[in-house]
Enquirer: 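Below you will find the structure I want to go over with you.
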Amino acid sequence: MAKYGDLEARPDDGQNEFSDIIKSRSDEHNDVQKKTFTKWINARFSKSGKPPISDMFSDLKDGRKLLDLLEGLTGTSLPKERGSTRVHALNNVNRVLQVLHQNNVDLVNIGGTDIVDGNPKLTLGLLWSIILHWQVKDVMKDIMSDLQQTNSEKILLSWVRQTTRPYSQVNVLNFTTSWTDGLAFNAVLHRHKPDLFSWDRVVKMSPIERLEHAFSKAHTYLGIEKLLDPEDVAVHLPDKKSIIMYLTSLFEVLPQQVTIDAIREVETLPRKYKKECEEEEIHIQSAVLAEEGQSPRAETPSTVTEVDMDLDSYQIALEEVLTWLLSAEDTFQEQDDISDDVEEVKEQFATHETFMMELTAHQSSVGSVLQAGNQLMTQGTLSEEEEFEIQEQMTLLNARWEALRVESMERQSRLHDALMELQKKQLQQLSSWLALTEERIQKMESLPLGDDLPSLQKLLQEHKSLQNDLEAEQVKVNSLTHMVVIVDENSGESATALLEDQLQKLGERWTAVCRWTEERWNRLQEISILWQELLEEQCLLEAWLTEKEEALNKVQTSNFKDQKELSVSVRRLAILKEDMEMKRQTLDQLSEIGQDVGQLLSNPKASKKMNSDSEELTQRWDSLVQRLEDSSNQVTQAVAKLGMSQIPQKDLLETVHVREQGMVKKPKQELPPPPPPKKRQIHVDVEAKKKFDAISTELLNWILKSKTAIQNTEMKEYKKSQETSGT
């Protein structure tokens, strides 16, 4: 049995797959694209009032219809040559190519003669380039810009998967086989327009019915042309380009929410898709064999009969495979050198994994061509020259395929090693960073929080630096949350478990550091605010005490000449007494704040300083209270010396004796109340006492008069003094 590289040529399925290559790829897909592209062109012409085309390959030959199409897409008028000669047609087509070039439309190996000659493959390629630029990329350019993505297929697939996620029967993995049963199309519509139809009814339909249902609903309610025919989609491998065309029409009119998480999920699909495709292939093969009453163990149905292979069919198949192989070689060579940035390597790994999946998908095609060549040579119908040529072709194909396969596997291995090494370094760097940060935290915890407010504010700045370091490291931690783990036959599940355990421990350490940083920041902020408030209130109280001390110094307590001077002193003492009653709670509040700050600080030196400041304020308060009491006693004695009756002691003491009103700062500890102060006794005889009481009552009434009455009295005294002076 002949063997080429890793490809084992099997006579039965080799012949079958070879026939599929010719029929499926060359005929079915081209026919579907021709129908779909024609419908798309006619939909555009319908909007601009231009007549439709019937046969795309012949109607586009002269270039005039292509220029009409580009006029509608670009919004500019394009001149056309009306002659019917080949020269006129070439000039028109070349103008088409020029317009496409000016609009940055990518064209590969397409010349004017290809279109004028009606080359089906290249005409389809030209139309697809136009559709891709104006229908696909133009519709998706805004969201691609917002998400900073350049792959329109990735965005579209992310949108579809995000839209259909609530539907358990739908799992879109690609733009081909995932759409054959019609459920995905209906799910996209139902997610955004649930009132249009019943999902349960759609599930019960056949695939053809579902597809027709979706296309009809989209046409009726969304105005989307029926670009696809159900029978062209409900096949084993539908045309990818046609499905993408139709989906972009849906994308254009439906909500376009696409999240970064959905895109990241799509980036991991190649790994999932490989397994699911294998399961699907087994399932389909089993279903086909079951329908034919055969055992699933058979590699191909036994009803396949051998057909004589002709040279022309072989050459067509060889050309297709070589064309793909050349394209694959170019794609492989265009891949960038392996980066030293972990995120770029992740992207490179995913891209190359997709490429490897494509190689796997085409492996059977290469094997089929080689098997067909072998079959031709064994039929004995070739000349010696033809046999030699086929042998050379097979040798060349096998050599190039094997070289591409080996180089691709080597690159995959290098990417694997580079990615694992970079991720390993990431883990080591994070572990080292955590170790340094944990040591830094221990040092910060061992130091007192601050002897004074400036020291505490300095700690706040240092802590802010730690927070900034955490935010910078967060970017690297986020990268590790999307770590790519590759498990090969040598490592197995044990390597995965070891890596997961390492990640979990690092995650726990990271969480602990973040939690401590946040809690300490909140604590420092709270202490700073309270301490600032304490110092500001202490400063205000000191200024207030100074003001009252100066006010008390100005109160006259002896040598009164008349009732006016006496009343002024009594009034000032009463104001001081009232002010102190209003202020007496402030001292207690400052003491409480000081105790709170001290408890939060846990710093003996700072607590001692705060207690000292509080005690100093308390002493000044008590001193002011004592002086106020002494002044009141002096005023009482001065009344007696004037030979007048003084204000009743009860009223005077209530006005100026502040110790009995609780204005002295009391300690928080429960102490027995002090004995009441002894009232000073003034010894006078009975007659003097009566006279004293009468004068006192008179003086008290005078003090309580309004300001206007006091001014009138002063004016009378002034006039009286003027008269005496005149006499």
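Note that the numbering runs from 1 along the sequence shown for the chain. Just so you know, these numbers use all the heavy atoms, side chains as well, and skip hydrogens, waters and symmetry mates.
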Enquirer: In Å and rounded to the nearest 0.5 Å, what is the NZ to CE distance from K35 to M56?
Expert: 12.5 Å

Enquirer: For R191, is there any backbone N or O sitting under 3.5 Å from a side-chain donor or acceptor partner on K193?
Expert: no

Enquirer: Quick check: does any side chain N or O of S327 sit under 3.5 Å from a backbone N or O of T323, one acting as donor and the other as acceptor?
Expert: no

Enquirer: Any Lys/Arg nitrogen of E347 or K154 sitting under 4.0 Å from an Asp/Glu carboxylate oxygen of the other?
Expert: yes

Enquirer: Quick one: CD1 on I41 to CG on D59, what's the gap to the nearest 0.5 Å?
Expert: 9.0 Å

Enquirer: With under 30° as parallel and over 60° as perpendicular, where do the rings of W159 and H192 fit, or are they tilted in between?
Expert: parallel

Enquirer: Using 4.0 Å as the upper bound for N to carboxylate O, is an ion pair formed by K34 and D55?
Expert: yes

Enquirer: If I take atom CD from residue Q363 and atom OG from residue S368, how far apart are they, to the nearest 0.5 angstrom?
Expert: 10.5 Å

Enquirer: Within the side chain of E209, is there an N or O that forms a donor-acceptor pair under 3.5 Å with the backbone of S206?
Expert: yes

Enquirer: Quick one: sort the F332 and H352 rings into parallel, tilted or perpendicular, breaks at 30° and 60°.
Expert: tilted

Enquirer: So, for V136 and S152, which heavy atoms are closest and what is the spacing to 0.1 Å?
Expert: CG1-OG, 3.8 Å

Enquirer: Under a plain distance cut-off of 3.5 Å, with no hydrogens placed, do T177 and N174 share a side-chain donor-acceptor pair?
Expert: yes

Enquirer: Is the backbone of L78 close enough, under 3.5 Å, to the side chain of E71 for a donor and an acceptor to pair up by distance?
Expert: yes

Enquirer: Would you give the length of the straight line joining atom CG of D117 to atom CG of D114, rounded to the nearest 0.5 angstrom?
Expert: 7.0 Å

Enquirer: Could you check whether E265 pairs with R165 (Lys NZ or Arg NE/NH1/NH2 to Asp/Glu carboxylate O, under 4.0 Å)?
Expert: yes

Enquirer: Could you walk me through whether E153 and K241 pass salt bridge (charged side-chain N to carboxylate O under 4.0 Å, His left out), step by step?
Expert: CA-CA 11 Å; E153 288 189 20; K241 294 177 181 178; over 6 Å; no

Enquirer: Evaluate E212 against K217 for salt bridge (charged side-chain N to carboxylate O under 4.0 Å, His left out), listing each step before the verdict.
Expert: CA-CA 9 Å; E212 179 60 37; K217 292 292 183 182; over 6 Å; no

Enquirer: Does atom CD of E385 have more than 12 heavy-atom neighbours, drawn from other residues, nucleotides or ligands, at distances under 6.0 Å?
Expert: no

Enquirer: Run the salt bridge (charged side-chain N to carboxylate O under 4.0 Å, His left out) check on R44 and E225 step by step: do they pass?
Expert: CA-CA 10 Å; R44 294 283 174 176; E225 293 294 328; over 6 Å; no

Enquirer: Could you tell me whether K226 atom NZ has more than 12 heavy atoms of other residues or ligands within 6.0 Å of it?
Expert: yes

Enquirer: Enter the distance from Q256:CD to D146:CG here, rounded to the nearest 0.5 Å.
Expert: 10.0 Å

Enquirer: Taking the six-membered ring for Trp and the full ring for Phe, Tyr or His, determine whether the centres of F185 and H213 are under 6.0 Å apart.
Expert: no

Enquirer: Minimum heavy-atom separation for V342 and Q423, please, with both atom names.
Expert: CG2-CG, 3.9 Å

Enquirer: After noting the C-alpha distance and the side-chain angles of E358 and W324, does the key distance pass the side-chain hydrogen bond (donor to acceptor under 3.5 Å, both in side chains) rule?
Expert: CA-CA 10 Å; E358 185 180 358; W324 168 82; 3.0 Å; yes

Enquirer: More than 12 heavy atoms of other residues, nucleotides or ligands under 6.0 Å from CG of D340: is that the case?
Expert: no

Enquirer: On a heavy-atom basis, which atom in L60 and which in I115 lie closest, and how many Å separate them?
Expert: O-CG2, 3.8 Å

Enquirer: Around atom CD of E319, are there more than 12 heavy atoms from other residues, nucleotides or ligands closer than 6.0 Å?
Expert: no

Enquirer: For the pair D337 and R411, evaluate salt bridge (charged side-chain N to carboxylate O under 4.0 Å, His left out) and give the outcome as yes or no after the intermediate values.
Expert: CA-CA 10 Å; D337 294 337; R411 177 176 173 84; 5.8 Å; no

Enquirer: Identify the heavy atoms of I143 and F251 that sit nearest to each other, and give their distance.
Expert: CG2-CZ, 3.9 Å

Enquirer: Counting N and O atoms only, with roles assigned by atom type, does the side chain of H88 sit under 3.5 Å from a partner on the main chain of E81, one being a donor and the other an acceptor?
Expert: no

Enquirer: Is T180 reaching over with its side chain to a backbone N or O of T176, donor-acceptor style, under 3.5 angstrom?
Expert: no

Enquirer: Please find the pair of heavy atoms, one from A184 and one from T164, that lie closest to each other, and give the distance.
Expert: O-CG2, 4.2 Å

Enquirer: For the side chain of N103 and the backbone of V99, is there at least one donor-acceptor N/O pair under 3.5 Å apart?
Expert: yes

Enquirer: Checking D181 side chain against L183 main chain: does a donor-acceptor pair fall under 3.5 Å?
Expert: yes

Enquirer: Decide whether Q257 and T163 meet the rule of one side-chain donor and one side-chain acceptor closer than 3.5 Å.
Expert: no

Enquirer: How close do Q162 and A262 get, counting heavy atoms only, and between which atoms?
Expert: OE1-CB, 3.2 Å

Enquirer: To the nearest 0.5 Å, how far apart are CG in D62 and CG in N91?
Expert: 12.0 Å

